[in-house]
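Take a look at the structure below.
Computed from heavy atoms alone, side chains included, the values below leave out hydrogens, waters and symmetry copies.
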Amino acid sequence: MSNTFKITVRQRKITRKRVFAEYVTSCLATSDESISRENEQCPQVLKDTSTVTMVTTSPPLGVITSGKAGKPKFIKSTKRLGDCQLNTAIANSRWSCCGTTYNEVLEIHKHVAKEHHEEIERLTESRLNTALNDMCEDDKNERISSDLKQKRPTTEDHKILYRNTDTLPWLPSEKECSDTSDVDNEGQILLYYKYVDVKDPDEICAWQQELCRRLRLTGKIRIAREGINGTVGGSISATRLYMQSVQNHPVFQQIDFKTSKGSAEDFPNGLQVGVHSEIVPMGVDPDKLTYTQAGNHLSSEAFHSELESHLSKNTSDEKDTVFVDCRNFYESRIGQFPGALAPDIRKFSYWPEYIDKNVDTFKDKRVIMYCTGGIRCERGSAYLKSKGVCKDVLQLEGGIHRYMDKYPNGLFKGKLFVFDDRYAIATNETTISTCFYCAQPWDKYQPCSSPHCHQLVLSCPQCRGQGSTACCHSCKEIAERVEVEGQRPKEECECTRERVRIPQETICGDKLQQGIRTCIPNVTTRDKLQHDEETSSTGQ
């Protein structure tokens, strides 16, 4: 037979020895109970008129298995307990073959070698052919699997599935899309998500890329088997047609879009569409913690009523509810609900660790969570619920964005941080944050001026005019050294070095003031100065 694998002389010799040993073992005939107990743990021998089969829990000698890089691996020896105990039983064993009983192992060996030579050769050849066929089949399946993986449609492959002439209820024609350019250049930005089972994320990714291309939209879209999460910007008519098209798709019907003023220019990196394991990165496998385990939703009206009631209570004994901000520290710094716990964490993937470290903060409490648009609360609340310590876990439906639509001058104070070049949107004139350098009220973020740094900076016009444009003094000094030395810095600036990765919350009183957090973690010197300024301005 023709195949890519060869049986060596040594492999054939080892296989023949193994078959011979199995054949001899099959001739064992003893009534000794101790020997029977020994043989219970030996390989079981099944013999019929044509073949001898060795049943073992590990590959027997002479069997070919898959090795590294697809090469055959030949089993030369094993340390199975059965083989060892078989040797201990030989001394008291008897063998029966061809109507004759043999008391010595040497005698049965001579008999089998002389009288059953042809049968041993046939069984050896059968064993080798079976092993070789299995190996060839495994190799074939592996190559087929590899070919399928290579041919599996990727986002790039899917682009060719949509021609310029293709039209679907969820993919308007090129002509229809070309009519969406507004003459007055007005635009808007959409924020949306939907948790839903997606069978083919790559296909959805290709559709989104083609749809946004036709409508000339920019933004960021994450797709996973658990759903879709996106924010895109463009003209008013283009974003309206986008919403209509997405809602026409059978998977994404009744999706909730949030709108705000903006344009395609607010996404300088253009359009970014990708397939990920999570539509918002929390770092927990969606198969182990799904969106179906999330806390119940509260409407904006119900949330507003709950917070008003919470703020009206005077003592901590009366307060059995904790309001928690699921966003990052730089988001809650410029806008938050009064009396809410705003974790001092840098990104949402720290949320599970934060909950684990501060689980006692939520013990026997009703927890009401909120975030920008509601997506982080879905699985974030599911993780908190999984701890089994809360009386109840609820979340603000539609997030702060939907609340601000309903209550533009409501209880949310400051600005709502957004992940595009606008950095924030506002419905009220309240400023709760301060300039990093002079501590004057200021809430307009700009990127750190150090090329190596990705922090956002609150620096008022006066301080910026004096050159205070970096996130901290040490970052500016590092940038100056980089400019001279021409090497990427390895050291961290104060902002990063002094920040506690996962803070330990400490409840600090029962009086709640607007815009002031009720729990203060370990913070950097700069953050402590900022907090002192905020509390002093509100009388705490």
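- The SG atom of C460 sits 7.0 Å away from atom CH2 of W442, with the distance rounded to the nearest 0.5 Å.
- Proximity of a side-chain donor or acceptor of T427 to a complementary backbone N or O of P408 within less than 3.5 Å is detected.
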message = Working note: Q336 + K413, criterion side-chain contact (heavy atoms from CB on, under 4.5 Å); need CA distance, chi angles, decisive distance, verdict.
response = CA-CA 6 Å; Q336 57 183 256; K413 302 304 177 183; over 6 Å; no

Evaluation steps, side-chain contact (heavy atoms from CB on, under 4.5 Å), between L241 and C177 = CA-CA 8 Å; L241 185 53; C177 293; 4.3 Å; yes

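- With K175 contributing its side chain and P172 its backbone, the two residues share no donor-acceptor pair below 3.5 Å.
- In terms of the ring-ring contact (aromatic ring centres under 6.0 Å, His included) criterion, residue partners of Y370 (sequence neighbours excluded) are, by chain and number, F337.
- Residues V322 and I368 are not in side-chain contact: their nearest non-hydrogen atoms beyond the backbone lie 4.5 Å or more apart.
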key: Test log, rule side-chain contact (heavy atoms from CB on, under 4.5 Å), inputs V246 and H249   = CA-CA 5 Å; V246 172; H249 196 285; 5.6 Å; no

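- Within the 4.5 Å cutoff, no side-chain heavy atoms of N229 are placed close to those of I221.
- Using cut-offs of 30° and 60° for the angle between ring planes, the Y291 and Y195 rings count as parallel.
- The existence of a salt bridge linking E226 and K194 is excluded, since no basic side-chain nitrogen approaches an acidic carboxylate oxygen closer than 4.0 Å.
- Atom OH in Y445 sits 6.5 Å away from atom OG in S433 (nearest 0.5 Å).
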When the side chains of residues 389-400 are checked against the rest of the protein, which donor-acceptor pairs come out under 3.5 Å, sequence neighbours left out?
from: Q395; atom 1: NE2; to: G295; atom 2: O; distance (Å): 2.8
from: Q395; atom 1: NE2; to: E378; atom 2: OE1; distance (Å): 3.4

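- Contact check for V500 versus D344: no side-chain heavy atoms found under the 4.5 Å cut-off.
- Taken to the nearest 0.5 Å, the CG atom of D285 stands 8.0 Å off from the OG atom of S277.
- Taking 4.5 Å as the limit, every side-chain heavy atom of V280 sits out of range of all side-chain heavy atoms of R222.
- A salt bridge is absent between D360 and K363; no separation between the charged side-chain nitrogens and carboxylate oxygens falls under 4.0 Å.
- Within 6.0 Å of CD in Q293 there are more than 12 heavy atoms belonging to other residues, nucleotides or ligands.
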ask   = Going through the distances and angles, do R333 and I432 end up as a side-chain contact (heavy atoms from CB on, under 4.5 Å)?
value = CA-CA 8 Å; R333 173 181 281 142; I432 70 167; over 6 Å; no

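- Remark: the backbone N or O of L190 is paired with a side-chain donor or acceptor of T231 at under 3.5 angstrom.
- Two residues are said to be in side-chain contact when any heavy atoms from C-beta on lie closer than 4.5 Å; R346 and I502 fail this criterion.
- Salt-bridge check for D256 with K258: passed, with a basic side-chain N closer than 4.0 Å to an acidic carboxylate O.
- Considering only residues two or more places apart in sequence or on other chains, Y407 meets the ring-ring contact (aromatic ring centres under 6.0 Å, His included) condition with H304, Y403.
- For the atom pair CG of N358 and CG of L341, the computed distance is 8.0 Å after rounding to the nearest 0.5 Å.
- In summary, the side chains of Q208 and Y242 do present a donor paired with an acceptor at a separation below 3.5 Å, with no hydrogens or angles considered.
- Between D420 and K220, none of the side-chain N atoms (NZ, or NE/NH1/NH2) sits under 4.0 Å from a carboxylate O, so this pair counts as no salt bridge.
- Residues forming a ring-ring contact (aromatic ring centres under 6.0 Å, His included) with H276 (at least two apart in sequence, or on another chain): none.
- Among residues two or more places apart in sequence or in another chain, the ring-ring contact (aromatic ring centres under 6.0 Å, His included) test is passed with H401 by none.
- To the nearest 0.5 angstrom, S449 atom OG is 12.0 Å from Q455 atom CD.
- With F329 as the aromatic partner, R499 meets the cation-pi criteria of under 6.0 angstrom to the ring centre and within 45 degrees of the ring axis.
- A heavy-atom distance below 4.5 Å is not found between the side chains of P281 and F348.
- Side-chain atoms of N248 come within 3.5 Å of backbone atoms of Q244 as a donor-acceptor pair (strictly under, hydrogens ignored).
- The distance from the CD1 atom of I228 to the CD1 atom of I223 is 5.0 Å, given to the nearest 0.5 Å.
- Counting only heavy atoms from C-beta outward, the side chains of T321 and H310 approach each other to under 4.5 Å.
- Residues S468 and F436 form no side-chain contact, since every pair of their non-hydrogen atoms from C-beta on lies 4.5 Å or further apart.
- Environment of NZ in K387: crowded, with over 12 heavy atoms of neighbouring residues, nucleotides or ligands closer than 6.0 Å.
- Taking the six-membered ring wherever Trp is involved, the centroid distance between the rings of F303 and F323 falls below 6.0 Å.
- Between K347 and E331 there is no salt bridge, since none of the side-chain N atoms of the basic residue sits less than 4.0 Å from a carboxylate O of the acidic one.
- For S305, there are no side-chain contact (heavy atoms from CB on, under 4.5 Å) partners, not counting sequence neighbours.
- Salt bridge status for R214 with E210: present, with a side-chain N to carboxylate O gap under 4.0 Å.
- A salt bridge links R379 and E278; the closest N-O separation between the charged side-chain nitrogens and carboxylate oxygens is under 4.0 Å.
- The pair E505-K357 does not count as a salt bridge, with every side-chain nitrogen at least 4.0 angstrom from each carboxylate oxygen.
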